[in-house]
Structure formats: C-alpha cells, structure tokens
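Have a look at the structure below before the remarks.
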Amino acid sequence: MHQNRTKYPQKKAQMYQQLQELPSKYKVIALVRMEKVRSSQLLPLRKKFKGEVEIVSIKDKVAQKSLSTLKIPGIEKLAANLVGQCVLMFTNMSPIKLNILLGKNKIMMAARGGDKASIDVVIKAGNTGITPGPILTDFKEAGVSTKIDQGTVWITKDSIAAKKGDTISGKLATLLSKLDVKAVEAGIVLNSALEDKVIYNQEELTVDVEQYRAAFAKAHQEALSLSIAIGYVTKENVNMILAKAAQQARSLAIEAGFLTDDTKDATIQRAHGQAKSLSGKLKGYSPQ
Amino acid sequence: MEYVYAALLLHKQKKEINEANIANVVKASGAEVNEAQVKALVAALADVNIEEAIKAAPVAVAAPAAPSG
Amino acid sequence: MEYVYAALLLHKQKKEINEANIANVVKASGAEVNEAQVKALVAALADVNIEEAIKAAPVAVAAPAAPSG
Amino acid sequence: MEYVYAALLLHKQKKEINEANIANVVKASGAEVNEAQVKALVAALADVNIEEAIKAAPVAVAAPAAPSG
Amino acid sequence: MEYVYAALLLHKQKKEINEANIANVVKASGAEVNEAQVKALVAALADVNIEEAIKAAPVAVAAPAAPSG
Amino acid sequence: MEYVYAALLLHKQKKEINEANIANVVKASGAEVNEAQVKALVAALADVNIEEAIKAAPVAVAAPAAPSG
Amino acid sequence: MEYVYAALLLHKQKKEINEANIANVVKASGAEVNEAQVKALVAALADVNIEEAIKAAPVAVAAPAAPSG
C-alpha cells in the first residue's frame, strides 16, 4: 500500500536515532497518548523537568520501528500501546512519581468547542480592545453586558460566561480565545510505562495522593493516641499526657466531691448543675 | 432548689427519697419545711431517673482556646 | 458529693456552713457522718464565694468537629 | 490535688486505695501527710467508680469567680 | 497502609524515605514486602509533605464521654 | 501513666522531679519500678513547663474513628 | 515517637510486639536503638488493647482559656 520511500525524511531519521539511544540512558520509558494532549502543553513541562525527564513527541510508526530493534525486555508491550501521535518520556524517577508530578503541573488552556470548563469562567470588566461588530451578539449570548466607548467594546462588569463543568460551545470558545480567557485545565496522564521489565498500565500508575496524606495523618494520630493511652512519654506527647493526667485528677476529685484548690469551684458548679439538670426534668415542680 | 439538694443528698446516700426524709434533711439545715414543696418534689421525682439526670448535667469545659502554636 | 449537696442546701437557706450544720444535715439523711470529710469540706469552702461559683454558667460541650479528611 | 494524684497512682497499679497506701505514697514524695485530707479523700472515693470518673468530660482549671491569690 | 508507619519511622529518624529503606523496615518487621505498595507510597511523597500531613489532625472539643452505665 | 502521676505529685509538692524521686514514689505505691520508663519521663519533662501543661484546657483531637465504647 | 511507629507497624502486620522485634524494626531504619526506650514502650504496652487505644481521641493541649472576669 505504502509507496516505498527512497529517502527517510531527515526529521524522522533523527527521531529514529534518538529512540535508539534514549532507552539505554534512562530506567523508565513512559508513554502519553497525544489525542488528549496539545503540543503547547509540552513546552512548560520540558522546562520544568529539564535534566530529569526527556520528552520526545513522535509518530507511532517511527517509534514502533525504532523501539522494536532494541533488546529491552518488555519494550514490545509498550510499543503496542503506541497509537497516532505520541509523547515518550524518559526518566530515572519512578513512573508513578512522574505521573503525580505531571498531575501537579496542570496548566490552563484555551477551551475548544465541546470542552468542559474546569473553573467558573470569568470575563473581567474592562476594555477588550475589540472593535464593535457581530461579536456584540456573541457577548450578548454569553450573558456579558457591554458598552461601546471610543471605538472599542468594553465589558461593564465581571461576568461568569460558563460555570465549572459546563460544556463550552464553539462560539463561546471562539469568544474566550479572542479575550484570551483560558477555561480548561489540562494535565498530562501517563498511559503506560516500562520500568525494569515491568509494564505499568494507566490504573497502576495512578496513586490517590490524598489517600496517602490522610493515611499519614491517621497513622500519626494512632501513634499519638496509643502513646497517650499507655502513658509512654515522648517529646511530642509529654504536654498532652500531663494535661490528661491532670485532667483525670480533676475529674476524679469533682466526681468524688473531694474539694481541692484547683477544683473547688468546678465541684460546686457540678453539684449545682446536677440539681439544675434534675429539676429541669421534673414535671409540675419548680424549685424556688 | 434546697429541696432538690436534699433529694440529691438522699440519692447519693442511697436513702429513699420520700416526704419524711426530705423534710428531715431540710429541717436539719435549720429551715422551715414547706410541706407542699416537698410533696410536689417527691411526686415529680417518681418519673425521673435521677442517676441519668445528674450525669446529663453540663460540665464546665474550657472554651476551646486558639491553639498556641 | 453528698457533703457538697449539704453545703449547697445550707447556703441556699442562708445558714452558716460550719461543721456542726453540715454534720446535722448529713445525719438527718440517715447516713453516718465522716468527720474528716466534713472538716475538709468546711476548710476548703472557707475562701469560696458559693454564690459566684454556682452562677458561673458551665459552658456547653461542643460536639467534635467532623474530621476533615 | 496531691492526694488525688496518689490515689490515681494506686489505682493505676491496681493497689488498694486506703489511708495507709495514700499516706505512704505522699510521704515518699518527701511531703508531710495531712491525715485529715487522706481520710476525707478515701471516704469520698469509697463509692466512686474511678475508671468512669476519670473518663468524664474535661474540666477547665480557669475559675473566673475565685481569685486564687 | 502499614507501610505508612515505616515511612513515619524513617521520617522521624531523618532517614531518606526511598523504596529500599521502606522495604528494609517492613522486612525487619517480619512481613513480606509488596514492591508495588512501596513504590506507590514513595511516589506519593512527591506530593505529600509528611510534616504537614501529620500536623493536619483536626482539633475538636472533647465530647463528654458517654456514660457507659 | 503511673509515672506521670508520680511526677505530678512531686510537682504539686514542689519537689524536684528526678529519677530517684519518681522511683521512690512509685515504689511506695507497692509497684515495681521500670527504670527505663522513669528515665524516659524525666528526659521528656526536662523542657516542659508543667504548670502550664496541666492548666492547659485539654482539647480532644477528633478521633480517627468513632470510639466504640 | 519512632518506637511507637515501630510498634504499630508490628501490630498492623500482626507480629508480636516485643523488645527484639521493635529493636529490629528501628535498626532496619538505620537508626541506633535505645534499649531503655524499647523496654519502656514494651512495658507500657503490656495489658493494653492496642486496637482500642489507637481509636481513643488523644487529648491535645490548647492554651488555657482566658479568664472571663
């Protein structure tokens, strides 16, 4: 079907060559499917991860061809996931960590028709610099009130053009792009990764960080609770244990009606409070 | 409230809370006894679980202060 | 706690809170009087303004906040 | 409060809370023992379920009514 | 989630929390090490500040201990 | 917790909180003394203002799970 | 607190919490083991229902409430 090319395009040849070398330089190869990624997302990531992650954007066929010549266990499984335009990331960090870091580096992007707004999309009041024309109708449809002043369209007050989660129409997307308002938060998610012969799928690469945060809090809290309960004193809990022991002594003194300097008043209040609580439950009797 | 204190005193001593006993306690404090009050109290106490009522008494708790650090 | 109730009873009747009076009240409830407790109570109450103490409204206990995570 | 601490110490060690034991503990701390206080405490604790009592809601020290000085 | 304790132990000792160290600690407890769990935990630390996480315990006022009897 | 009670007892009596004194108090309660616990307590108390600590309004941290009893 | 973490790690793995095991875990973290601390912890844990204890709401310390008067 394909015409045999007499000469491989130079760019493709370079990429082929790159893929021959990179896998031996790094422990991890991670794959991102470009169908959900725009090339404009890659630039900030390249900067951010410079020295840690090499990012290569490549067509599936070239990548498959190059990778298939390598003797890396498991690479064929990764190559099988290559579809269309792809991004390959080479790194020595754990692919799960890479995935978490990618999730932390989401960027705001211009919406395209059909995208869902990631935030409440606010159009700020002020001069748009746009000359009046049919666009005024677009503003009106988006619920944005405008006025014309000295030949340009002014927005009279901050307006929400779309709520978080709303689907953005093609028309609104065009309007937002003219105003340079970004409505979509875009993150890159790893599709699969190869590390030390093991291939990880998207699910295995996804870690619920909040769950870990909560687990740390809970684990520490359990340690604290246990140490206080058993009176095992450490620097972290010594104040709490002292407070608890003193508290127990106060509670005991009060419950026993044994007056101490620290608890006299509380004991009287307690006795009186009991009388009040009891009288409050009495029907047809009001103490004088 | 004195009659209620008397009742609590009897309760605490595990003595029967009846009119005679309450009257005795109040009298011992040197005060005159209002028989009607005593009757009313004893009647009203018949339906009440004293132990629960005194456990439900509010306890003076420190207002949660801002954590110091 | 019975001695504290007795003290409150006397206080309410505007009677003096002394050892004899407390002993009388407790005795009238039919219980034996523990002299040490009477003495300790009277001594401890010497510098207490009972009227103020019982006015100090106990602060209601707040329910624990729902854990955030 | 020192006698109460002594009582809690004994309780925690599952030792009997009697006058001799409390006096011993307090004496070991190097302080003089006030026999009346010891007697009063032991009497007051006689009917108290210590395990329950120490679980009671926290009580603040802050006593707005009684100046301690 | 038991590996979280291993991580806390390393954190407290100011040791690096990496896969090898966590595996070592877990192994020393006599348990088998699940590599995937260790990997996931270490990776999660990319976004979890342990010191902050353990300080985040929600503070509430104690509810009165429910009277058990 | 017994060692903490002993420390509070000493504190209340304005006695020095050192290993010997704590051990003495605990011993007087009739219990065996665990030297390690005494040491640990004294070390932890070194930087602590006990008076402040025991006055502090105890605030419970929300339990990780509802206490079962 | 590191020894408590080690103990909980063992507990979660359903391993026995004894001195040797705790020492092993702490050693594996690369830290030196303080035998006295290990002893103290194991002694304090004797007779304790860990599952219950870790559910307890720990008491945190807030600054004393400002006196209202």
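Lettering of chains follows the sequences in order, A, B, ..., and the numbering in each one begins at 1. A quick note: this is a predicted structure, and the numbers were derived from the prediction, not measured.
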Name, in order of residue number, those residues of residues 36-44 of chain G that have a heavy atom at a distance of less than 4.5 Å from a heavy atom in chain E; otherwise write 'none'. none
How many angstroms lie between CG in E:L9 and OG in G:S29, if you round to the nearest 0.5 Å? 4.0 Å
Atom pair CD (E:E2) and NZ (G:K12), whose distance is rounded to the nearest 0.5 Å: 8.5 Å
Taking E:L8, E:N21, E:I22, E:V4 one by one, which has the highest count of heavy-atom pairs under 4.5 Å against chain G? E:L8
G:G30 backbone acceptor or donor facing E:K15 side chain under 3.5 Å: yes
How close do E:Y5 and G:Y5 get, counting heavy atoms only, and between which atoms? CB-O, 3.8 Å
Below 4.5 Å from any heavy atom of chain G, which atoms of E:Q13 appear? Answer side chain, backbone, both or neither. side chain
Does G:E32 have any side chain to side chain contact (heavy atoms under 4.5 Å, CB included) partners at least two apart in sequence or in another chain, and if so, which? none
